[in-house]
Engineer: 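Pasting in a structure now, in structure tokens, and then I'll have a few things to ask.
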Amino acid sequence: MVRKKNKSINLTSIIATMATAVLAITALITVYITISAWKEEREANRPYFTFKESPKVVINELPQFEIKFTNVGEHPAVSLWSKSLVFSSALDSQPIAVDEYALVNDIPKNASATLLIDLNALEEQTREGEVLPYFIVIVLRYEDPIIDKNFEQTLYLKWNGMEKNEILAINHAEEEEKKKIIRYFAENKIGL
């Protein structure tokens, strides 16, 4: 009888140990899933720049591209750096404008930063009212101070130029145009 009791206690002990192990594994999986979801949520709240207003060409004393970026992410962006290149849509010459811009202030949620790119090389054509189409490529690099991670965005735009003194629209470049631009950069050793 003592033997049966020991067997019963032994079996109960084994079942209790297995149940505890299963609960511990379940708890670890739950913690892992919770941490993963938390990291994904933090990543989803990262800063992200987009246009609230369409980019435009303005002609004051000289023609300029005016591009207003707005941080639509939840987290602020710090150390915003941009490089802009403007070049003929024919892809047959070097860029007419290469501009780097660094902003030291934080850009919180829904705040904007304006980028002006001088187009001195197009002064005469804009005065005459006839400008052929141009591509604009803008690289943005910035940091999310909350998750301590760097991000990069590259924007491919196309200004349709001017016809009969009318400034035409700026649109996003099409996928095929983007491929041609990347090839143009590689062939001309133009770094972003």
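Positions are given from 1 along the sequence.
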Engineer: Hey, are the side chains of Val86 and Trp159 touching, using non-hydrogen atoms and a 4.5 Å cut-off?
Structural biologist: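 With C-beta onward as the side chain, the pair stays apart.
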Engineer: Would you check if Lys164 and Glu130 make a side-chain contact, meaning some heavy-atom pair closer than 4.5 Å?
Structural biologist: yes
Engineer: Do Ile33 and Ile25 belong together in a cluster built from hydrophobic side chains that touch within less than 4.5 Å?
Structural biologist: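 Both belong to a single hydrophobic cluster.
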Engineer: Salt bridge (charged side-chain N to carboxylate O under 4.0 Å, His left out) with Glu66: which residues, sequence neighbours excluded?
Structural biologist: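 Checked Glu66 against salt bridge (charged side-chain N to carboxylate O under 4.0 Å, His left out); matches are Lys56.
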Engineer: Where do Leu122 and Tyr134 come nearest, in terms of heavy atoms and distance?
Structural biologist: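 Result for this residue pair: CD2-OH, 3.3 Å.
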Engineer: With rounding to the nearest 0.5 Å, note down the distance linking CD1 in Ile146 to NE2 in His75.
Structural biologist: 4.0 Å
Engineer: Below 4.5 Å, heavy atoms only, C-beta onward: do Leu132 and Gln125 meet side chain to side chain?
Structural biologist: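 When only atoms from C-beta onward are counted, Gln125 and Leu132 do not touch, as no gap falls below 4.5 Å.
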Engineer: Please report the shortest heavy-atom distance between Pro108 and Asp106, naming the atom on each side.
Structural biologist: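 Answer, listing the atom of Pro108 first, then Asp106: CD-O, 3.5 Å.
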Engineer: Please determine whether side chain to side chain contact (heavy atoms under 4.5 Å, CB included) holds for the pair Phe185 and Val137, giving the CA-CA distance in whole Å, both sets of side-chain angles, and the decisive distance to 0.1 Å.
Structural biologist: CA-CA 11 Å; Phe185 286 160; Val137 174; 3.9 Å; yes
Engineer: About how many Å separate CD1 of Ile190 and CG of Leu85, when rounded to the nearest 0.5 Å?
Structural biologist: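 Answer rounded to 0.5 Å: 6.5 Å.
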Engineer: Tell me whether Ile170 shares a hydrophobic cluster with Leu140, the cluster being built from Ile, Leu, Val, Met, Phe, Trp, Tyr side chains joined at under 4.5 Å.
Structural biologist: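 Yes, one cluster joins them.
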Engineer: Same hydrophobic cluster for Ile117 and Phe135, using side-chain heavy-atom links shorter than 4.5 Å among ILVMFWY?
Structural biologist: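 As far as the 4.5 Å side-chain criterion goes, Phe135 and Ile117 are not connected within one cluster.
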Engineer: Give me each pair satisfying salt bridge (charged side-chain N to carboxylate O under 4.0 Å, His left out) with a member in residues 92-103, each pair once, sequence neighbours excluded.
Structural biologist: none
Engineer: Is the shortest heavy-atom distance from the side chain of Leu157 to the side chain of Pro55 under 4.5 Å?
Structural biologist: yes
Engineer: Can you sort out the partners of Glu53 under salt bridge (charged side-chain N to carboxylate O under 4.0 Å, His left out), two or more places apart, ordered by chain and number?
Structural biologist: Lys68
Engineer: Quick one: do Phe69 and Ile138 satisfy side chain to side chain contact (heavy atoms under 4.5 Å, CB included)? Show the steps, please.
Structural biologist: CA-CA 11 Å; Phe69 300 103; Ile138 302 166; 3.9 Å; yes
Engineer: At their closest point, which heavy atom of Ile107 faces which heavy atom of Leu103, and how far apart are they?
Structural biologist: CD1-CD2, 3.4 Å
Engineer: Could you please spell out the steps behind the side chain to side chain contact (heavy atoms under 4.5 Å, CB included) verdict for Met162 and Ile59?
Structural biologist: CA-CA 12 Å; Met162 286 180 75; Ile59 300 175; 4.0 Å; yes
Engineer: As an exercise, state the distance from CD1 of Ile182 to OG1 of Thr154, rounded to the nearest 0.5 Å.
Structural biologist: 8.5 Å
Engineer: Would you say the side chain of Val139 lies within less than 4.5 Å of the side chain of Glu152, judging by non-hydrogen atoms?
Structural biologist: yes
Engineer: For Lys83 and Gly191, indicate whether the former's side chain and the latter's backbone hold a donor-acceptor pair under 3.5 Å.
Structural biologist: yes
Engineer: Answer whether the closest heavy-atom distance between the side chains of Trp81 and Tyr101 falls below 4.5 Å.
Structural biologist: no
Engineer: Please report the interatomic distance OG(Ser89) to NZ(Lys180), rounded to the nearest 0.5 Å.
Structural biologist: 9.5 Å
Engineer: If you take all heavy atoms of Asn165 and Arg127, which pair is closest and at what distance?
Structural biologist: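 Nearest pair, atom of Asn165 first, then Arg127: OD1-O, 4.2 Å.
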Engineer: Please say yes or no: joined through hydrophobic side-chain contacts below 4.5 Å, possibly via intermediate residues, are Ile167 and Val131 part of one cluster?
Structural biologist: yes
Engineer: Could you state the interatomic distance from OG (Ser84) to CG (Leu192), rounded to the nearest 0.5 Å?
Structural biologist: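 Ser84 OG to Leu192 CG: 10.5 Å, rounded to 0.5 Å.
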Engineer: For Leu62, enumerate each residue passing the side chain to side chain contact (heavy atoms under 4.5 Å, CB included) test, keeping only those at least two apart in sequence or located in another chain.
Structural biologist: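 Scan of Leu62 (side chain to side chain contact (heavy atoms under 4.5 Å, CB included), adjacent residues dropped) gives Asn120, Glu123.
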Engineer: Only counting residues at least two apart or in another chain, list the ones meeting salt bridge (charged side-chain N to carboxylate O under 4.0 Å, His left out) with Glu128.
Structural biologist: none
Engineer: Can you list everything that forms a salt bridge (charged side-chain N to carboxylate O under 4.0 Å, His left out) with Lys158? Sequence neighbours excluded, please.
Structural biologist: Glu177
Engineer: Is it true that atom OH of Tyr48 has more than 12 heavy atoms of other residues, nucleotides or ligands lying nearer than 6.0 Å?
Structural biologist: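 No, because the 6.0 Å sphere around OH of Tyr48 holds 12 heavy atoms or fewer from other groups.
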Engineer: At what distance, to the nearest 0.5 angstrom, does OH of Tyr142 lie from CZ of Phe49?
Structural biologist: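 Going from the OH atom of Tyr142 to the CZ atom of Phe49 covers 6.0 Å.
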Engineer: When clusters are formed by joining ILVMFWY residues with side-chain heavy atoms under 4.5 Å apart, either directly or through shared neighbours, do Leu80 and Ile147 land in the same one?
Structural biologist: yes
Engineer: Start with the C-alpha gap between Phe87 and Tyr184, add the side-chain angles, then the distance that decides, and say whether ring-ring contact (aromatic ring centres under 6.0 Å, His included) holds.
Structural biologist: CA-CA 10 Å; Phe87 48 95; Tyr184 162 78; 4.9 Å; yes
Engineer: Looking at every heavy atom in both Asn71 and Ala77, which two are closest together, and how far apart are they?
Structural biologist: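 What the structure gives for the nearest pair is ND2-N, 3.7 Å.
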Engineer: For a 4.5 angstrom cut-off between non-hydrogen side-chain atoms, does Pro47 reach Val78?
Structural biologist: no
